[in-house]
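Accompanying notes for the structure given below.
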There are 2 protein chains.
Amino acid sequence: MKINDAANVLSALALEGRLAIFRLLVKAGPGGVKAGDIAHAVSANASTLSANLNVLSHAGLIEGRRDGRAIYYAARYDRMSDLLAFLMDDCCNGTPEICLPLINIATRAASCAHDQAEHEETTRSAQAASVQA
Amino acid sequence: MKINDAANVLSALALEGRLAIFRLLVKAGPGGVKAGDIAHAVSANASTLSANLNVLSHAGLIEGRRDGRAIYYAARYDRMSDLLAFLMDDCCNGTPEICLPLINIATRAASCAHDQAEHEETTRSAQAASVQA
DNA sequence: TCGATATTTTGAGTAATGTTGAATTATGAA
DNA sequence: TTCATAATTCAACATTACTCAAAATATCGA
């Protein structure tokens, strides 16, 4: 990912209303949510919502698929992870030992995935995974 | 971290020029970089730079410390990790198994910290750390 | 104190962004 | 075909954001 691309994605997320939309879609999962339901959930005017969906869409963060008269929007996790990789890169290439707080949240996220995958010893593995500072 | 706070931080990073500044400071480490040197590195006008440093500063992403007539600016890693934690949270609370690409970059980042800390078997541990999809 | 250096603040001009109601397009059902 | 529903596009407006030169502030050395 290039820096201007990253700036574009960040800018798409930089408005509270759009960030709320994106988070809703991340939580909702790959099935997506109808535009109308999104509008209701974040209490937004229809045209405002449409404009904001368009911005998120152009940034590659979400995608829409038509089903009847509804359009379902879903988060693109790959794009999100590209952004996070871009943001973390500098830390790795620079002075990694400084980035521990950042690394710790990454580790916590990773353990959350394992917990989900394995369904066992949730708390213990989360603690064990944490890097000590 | 609240959503409006997150939107604010994202908005501070959402301009290519500011993102370049922030990345420079992340790479530079806790010692920071003189404002003048930043201006030279990103080839920015002095007042433009000052305005942008101010935005990053208000977002809590950097902080300045005066040393003689120079002011050194340094990245605040804790703030950055707060943001990343905020962005990853939804994934954990929603449908974690979907977030694997995202989790993988987190794991890679974590292993990069371990590599730095332990200085051994760099490639093997990075591969082992990766979650299989 | 005076001059030089480093940075910020101010003020102005320009560009970009966000919001909204009204009109439009697309789909499905009677 | 005609009507109702779902969503987008359009056009206008208000607001905010960006950049820059010039002036102001702060610090240091002579």
Side-chain angles (χ1 to χ4, degrees), chain A residues 3-25 28 31-76, chain B residues 3-25 28 31-76:
Chain A
I3 190 170
N4 68 316
D5 207 7
N8 209 47
V9 175
L10 287 165
S11 152
L13 294 173
L15 188 76
E16 187 170 333
R18 281 198 298 264
L19 184 53
I21 293 169
F22 182 69
R23 298 185 77 196
L24 176 71
L25 295 183
V33 181
K34 286 197 278 191
D37 290 349
I38 300 175
H40 183 256
V42 305
S43 37
N45 173 289
S47 21
T48 300
L49 179 84
S50 192
N52 283 331
L53 288 174
N54 198 41
V55 171
L56 288 168
S57 201
H58 272 91
L61 283 166
I62 66 176
E63 65 188 349
R65 122 191 84 86
R66 176 146 230 151
D67 180 18
R69 23 193 160 182
I71 297 183
Y72 286 79
Y73 284 92
R76 291 194 44 190
Chain B
I3 190 171
N4 68 316
D5 209 5
N8 210 46
V9 175
L10 287 165
S11 152
L13 293 174
L15 187 76
E16 187 171 332
R18 281 199 297 266
L19 185 54
I21 293 169
F22 182 69
R23 298 185 77 197
L24 176 71
L25 295 183
V33 181
K34 287 197 278 191
D37 292 349
I38 299 174
H40 183 255
V42 305
S43 37
N45 173 287
S47 23
T48 300
L49 178 83
S50 190
N52 283 332
L53 289 174
N54 198 41
V55 171
L56 288 167
S57 201
H58 271 92
L61 284 166
I62 65 175
E63 65 188 348
R65 124 192 82 87
R66 176 146 231 151
D67 179 17
R69 23 193 162 181
I71 298 182
Y72 286 81
Y73 284 92
R76 289 194 44 188

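Because the structure is a prediction, the values reported are computed rather than measured. Residue numbers begin at 1 in each chain, while the letters A, B, ... track the order of the sequences.
- Heavy atoms only, all atoms of each residue included: A:A75 and A:F22 are closest at CB-CE1, 4.0 Å.
- Rounded to the nearest 0.5 Å, atoms CZ (B:R65) and CD1 (B:I71) are 11.0 Å apart.
- Here OH of A:Y72 is found 11.0 Å from CD1 of A:I38. Values are rounded to the nearest 0.5 Å.
- Scanning both residues, B:A7 and A:L19, for their nearest heavy atoms gives N-CD2, 3.9 Å.
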Produce a footprint string for nucleotides 3-15 of chain D: one letter per nucleotide, 5' end first; B if the base is under 4.0 Å from any protein heavy atom, S if only the sugar-phosphate is, - if neither.
-BBSSBB------

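- Of all nucleotides in DNA chain C having an atom under 4.0 Å from a heavy atom of chain A, the first and last in 5' to 3' order are C:dG18 to C:dA29.
- With sequence neighbours excluded, no residue forms a salt bridge (Lys or Arg N to Asp or Glu O under 4.0 Å) with A:D37.
- Nearest approach of A:R66 to A:R69, heavy atoms of both residues: NH2-O, 3.4 Å.
- DNA chain C lies under 4.0 Å from no heavy atom of any residue of residues 5-15 of chain B.
- Of all the heavy atoms in B:L49 and B:A35, the pair that sits closest is CD2-O, 3.2 Å.
- The side chain to side chain donor-acceptor pair (under 3.5 Å) contacts involving residues 10-23 of chain B comprise A:D90-B:R23, B:R18-B:N52, where partners must be two or more places apart or lie in separate chains.
- Atom CD1 of B:I21 and atom CG of B:L53 lie 5.0 Å apart (nearest 0.5 Å).
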Might you work through the side chain to side chain contact (heavy atoms under 4.5 Å, CB included) test for A:L10 and B:L15, ending with a clear yes or no?
CA-CA 8 Å; A:L10 287 165; B:L15 187 76; over 6 Å; no

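- Summary for the helix from C:dT1-D:dA30 to C:dA30-D:dT1: the axes at its two ends, each from 5 pairs, differ by 20° when rounded to the nearest 10 degrees.
- Of the residues A:N8, A:L25, A:V9, A:V55, the one that meets the side-chain contact (heavy atoms from CB on, under 4.5 Å) test with A:L61 is A:V9.
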